[in-house]
Trainee: 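One structure follows; several queries about it will come next.
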Amino acid sequence: MKNGRIKILQASVDAVTQKEALENIRLFLSSSDGHQIVTLNSEMVVACEEDAQFRSVVEAADLIVADGMGVVCASSFLKKKRNSPFFDMANLVLMPFYEIFSPEKIKDVLPEKISGIDLIHAICTSDFIHDKKIYLLGAEEGIARRAGEALKVRYPQLKIVGAESGIRKVFSRKDNDELIAKVNASSPDILFVALGAPRQEKWIYDNLPKLSCVKVAMGVGGSFDIIAGKISRAPKIFQMHGMEWLWRLLQEPKRVRRIYNATFKLAWLIFRERKDKIEG
Ligand code: UDP
């Protein structure tokens, strides 16, 4: 899905709706190659500024969806007519209010937010899933297995063929080779990887060619933790208004630095990029 790909700072993202993303996934599953899906959130946009390797891994992905209102707002803001830095700053500050009162104003570039966890559920309820096998890799001991069980309760038709924790599993080459052999032995079509960004994206990029049956591999961040019930997802009102970061901060205060990167640092980088363009 490299048509319609846009840039947010140095990161790339595809302007697709969830429905279009699912159509792409259907095509990926019917082809003979492996495909990588990236769910790009605000923190990853900042990471792309600082990590050239991560940036090229994201760019190489077959589908990159906008995982968060921060990414959707950023794309819209960067497209708006360039005014003075003062008006730009005012516009940036107003973004969350546009989001609440006039959401169509910020969906002029990226049509919607597609969270990794929503995409998992959408895949699990799609009409192409019935004969596909799913493998869950990542998260702390037992969480992937619990997430698999929870998915199975919710979607009894699902074929979950394996679940493996992610902590320390892929550090040594031997561990990694064993893991690849294990995944290959259950020949999944879809692999969800929860190793946290950017590790999960880099891991998929490096290992997808060795995973002979996998047609779709997607980094899913903390989704297994939520599906397994280890942490709770932000209430709908937080999700709708791009405030999931606040919910996560309340649940896990030690994420404060990461949340700062995903909010204030991203806003500052975007403002600076526009200011340079106005003055340049
Ligand atoms: N994780 C892992 N191995 C690692 C780092 C993280 O299995 O080396 C798991 C972690 O337990 C969590 C998931 O990766 O289940 C996502 O972590 P994080 O909260 O950083 O992701 P986010 O949702 O913020 O993208």
Side-chain angles (χ1 to χ4, degrees), residues 18-19 21-31 34-39 63 65 67 113-170 175 178-197 199-201 203-204 207-208 211-236 239 244 247-248 251-252:
Q18 180 164 296
K19 200 162 166 243
L22 278 177
E23 268 320 300
N24 276 279
I25 295 170
R26 178 201 301 278
L27 292 177
F28 295 161
L29 286 167
S30 62
S31 85
H35 298 81
Q36 177 162 8
I37 303 177
V38 169
T39 59
L63 178 64
V65 299
D67 182 352
K113 155 185 120 159
I114 307 172
S115 306
I117 188 163
D118 290 335
L119 199 49
I120 293 180
H121 287 298
I123 290 172
C124 292
T125 49
S126 66
D127 58 1
F128 54 72
I129 200 65
H130 62 281
D131 61 342
K132 304 294 177 224
K133 295 188 260 178
I134 301 177
Y135 199 105
L136 311 184
L137 167 66
E140 286 171 11
E141 208 53 60
I143 296 289
R145 188 183 41 75
R146 273 169 49 197
E149 287 163 3
L151 285 173
K152 194 78 190 133
V153 169
R154 197 156 167 188
Y155 314 109
Q157 81 286 5
L158 229 50
K159 294 190 177 69
I160 302 204
V161 292
E164 190 71 31
S165 110
I167 300 294
R168 300 203 53 78
K169 268 288 170 207
V170 278
D175 280 348
E178 279 172 16
L179 177 63
I180 298 287
K182 207 166 174 179
V183 177
N184 277 334
S186 25
S187 57
D189 305 279
I190 300 174
L191 178 65
F192 293 132
V193 183
L195 297 175
R199 186 180 172 201
Q200 61 198 14
E201 283 73 26
W203 187 89
I204 292 173
N207 293 286
L208 190 54
L211 294 161
S212 44
C213 291
V214 174
K215 302 288 183 297
V216 168
M218 174 166 98
V220 297
S223 302
F224 295 171
D225 295 333
I226 296 174
I227 295 168
K230 185 184 164 211
I231 56 173
S232 64
R233 192 173 182 192
K236 269 270 176 302
Q239 291 175 37
E244 278 178 271
W247 182 259
R248 268 198 111 167
Q251 283 206 316
E252 302 171 75

Trainee: First locate atom CZ of F224, then atom CD1 of I120, and finally report the distance between them rounded to the nearest 0.5 Å.
Mentor: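 With rounding to 0.5 Å, CZ (F224) is 6.0 Å from CD1 (I120).
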
Trainee: Please tell me if the side chains of Y155 and T125 come closer than 4.5 Å, counting only heavy atoms from C-beta onward.
Mentor: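 Yes; the side chains approach each other to less than 4.5 Å.
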
Trainee: Looking only at heavy atoms, which two atoms of Q18 and A122 are closest? And how far apart?
Mentor: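 Reported closest heavy-atom pair: NE2-CB, 3.5 Å.
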
Trainee: Can E164 and R145 be said to form a salt bridge (Lys or Arg N to Asp or Glu O under 4.0 Å), step by step?
Mentor: CA-CA 7 Å; E164 190 71 31; R145 188 183 41 75; over 6 Å; no

Trainee: Taking the side chain as C-beta and beyond, is there a heavy-atom pair between V38 and Q36 under 4.5 Å?
Mentor: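 Answer yes - side chains close enough.
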
Trainee: Just how far is it from atom CD1 of I204 to atom CZ of R199, taken to the nearest 0.5 Å?
Mentor: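 Atom-to-atom, I204:CD1 and R199:CZ are 12.0 Å apart.
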
Trainee: Within the structure provided, determine whether K132 and K159 are in side-chain contact (heavy-atom separation under 4.5 Å).
Mentor: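 A side-chain contact is absent here, since even the closest heavy-atom pair is not under 4.5 Å.
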
Trainee: Among V214, I123, I160, whose side-chain contact (heavy atoms from CB on, under 4.5 Å) with I190 holds?
Mentor: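 Going through the options one by one, the only one that passes is I123.
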
Trainee: Under the ring-ring contact (aromatic ring centres under 6.0 Å, His included) definition, can you give me all pairs with a residue in residues 132-154, not counting sequence neighbours?
Mentor: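 Every candidate ring-ring contact (aromatic ring centres under 6.0 Å, His included) pair involving residues 132-154 fails, so no pair, neighbours aside, qualifies.
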
Trainee: Do you see a donor-acceptor pair shorter than 3.5 Å between the side chains of K133 and S187?
Mentor: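 There is such a pair between these side chains.
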
Trainee: Got a donor-acceptor contact below 3.5 angstrom from the Q200 side chain to the G196 backbone?
Mentor: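 It does hold such a pair.
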
Trainee: Are the side chains of S232 and W247 in contact, using a 4.5 Å heavy-atom criterion?
Mentor: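 W247 reaches S232 side chain to side chain.
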
Trainee: Roughly how far, to the nearest 0.5 Å, is the NZ atom of K19 from the CG atom of N24?
Mentor: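 Answer for the CG-NZ pair, N24 versus K19, is 13.0 Å.
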
Trainee: Between CD of Q251 and CG of D225, what distance do you get to the nearest 0.5 Å?
Mentor: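 Rounded to the nearest 0.5 Å, the CD-CG separation comes out at 10.0 Å.
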
Trainee: In Å, rounded to the nearest 0.5 Å, how long is the span from OG of S223 to CG of D67?
Mentor: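 Output value for this atom pair is 7.5 Å.
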
Trainee: Return the minimal non-hydrogen interatomic distance between A147 and A228, and the atom names on each side.
Mentor: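 In terms of heavy atoms, the two residues are closest at N-CB, 3.8 Å.
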
Trainee: One pair to check against side chain to side chain contact (heavy atoms under 4.5 Å, CB included): E201 and L195. What are the steps and the verdict?
Mentor: CA-CA 8 Å; E201 283 73 26; L195 297 175; over 6 Å; no

Trainee: Assess the side chains of S165 and E140: does a donor N or O sit below 3.5 Å from an acceptor N or O?
Mentor: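 Per modelled atom types, S165 and E140 side chains form no pair under 3.5 Å.
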
Trainee: Please report the closest heavy-atom contact between V65 and I114, naming both atoms and the distance.
Mentor: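 It is CG2-O, 3.7 Å.
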
Trainee: Do E244 and R233 have side chains that get closer than 4.5 Å, going by heavy atoms?
Mentor: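 Touching, per the 4.5 Å side-chain cut-off.
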
Trainee: So which atom in I227 and which in I117 form the shortest heavy-atom distance, rounded to 0.1 Å?
Mentor: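 That closest heavy-atom pairing would be CG1-CD1, 3.9 Å.
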
Trainee: Please determine whether salt bridge (Lys or Arg N to Asp or Glu O under 4.0 Å) holds for the pair R146 and E141, giving the CA-CA distance in whole Å, both sets of side-chain angles, and the decisive distance to 0.1 Å.
Mentor: CA-CA 10 Å; R146 273 169 49 197; E141 208 53 60; over 6 Å; no

Trainee: Could you pull out the closest heavy-atom pair between L119 and L22, with the gap in Å?
Mentor: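 That closest heavy-atom pairing would be CD1-CD2, 4.4 Å.
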
Trainee: Looking at every heavy atom in both A194 and G221, which two are closest together, and how far apart are they?
Mentor: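 That would be CB-O, 3.2 Å.
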
Trainee: Begin from the C-alpha positions of M218 and L191 and carry the test side chain to side chain contact (heavy atoms under 4.5 Å, CB included) through to its verdict.
Mentor: CA-CA 6 Å; M218 174 166 98; L191 178 65; over 6 Å; no

Trainee: I want to check something: taking the side chain as every heavy atom from C-beta on, are V220 and T39 in contact at a cut-off of under 4.5 Å?
Mentor: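 No - every pair of side-chain heavy atoms lies 4.5 Å or more apart.
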
Trainee: Any chance you could lay out the salt bridge (Lys or Arg N to Asp or Glu O under 4.0 Å) test for D175 and K182, step after step, and finish with the verdict?
Mentor: CA-CA 10 Å; D175 280 348; K182 207 166 174 179; over 6 Å; no

Trainee: When you compare the side chain of P188 with that of I134, does any pair of heavy atoms fall below 4.5 Å?
Mentor: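 Answer no - side chains too far apart.
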
Trainee: Apply side chain to side chain contact (heavy atoms under 4.5 Å, CB included) to residues H121 and L151 and explain how you reach the verdict.
Mentor: CA-CA 9 Å; H121 287 298; L151 285 173; 4.1 Å; yes

Trainee: Evaluate the criterion salt bridge (Lys or Arg N to Asp or Glu O under 4.0 Å) for residue pair E23 and R26; output intermediate values, then yes/no.
Mentor: CA-CA 5 Å; E23 268 320 300; R26 178 201 301 278; 3.2 Å; yes

Trainee: Would you compute the distance between atom CG of L179 and atom CH2 of W203 and round it to the nearest 0.5 angstrom?
Mentor: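 CH2 of W203 is found 5.0 Å from CG of L179.
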
Trainee: Please answer whether the main-chain N or O of K215 pairs with a side-chain N or O of H35 as donor and acceptor at a distance below 3.5 Å.
Mentor: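 The answer is yes, because a donor-acceptor pair under 3.5 Å joins these two groups.
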
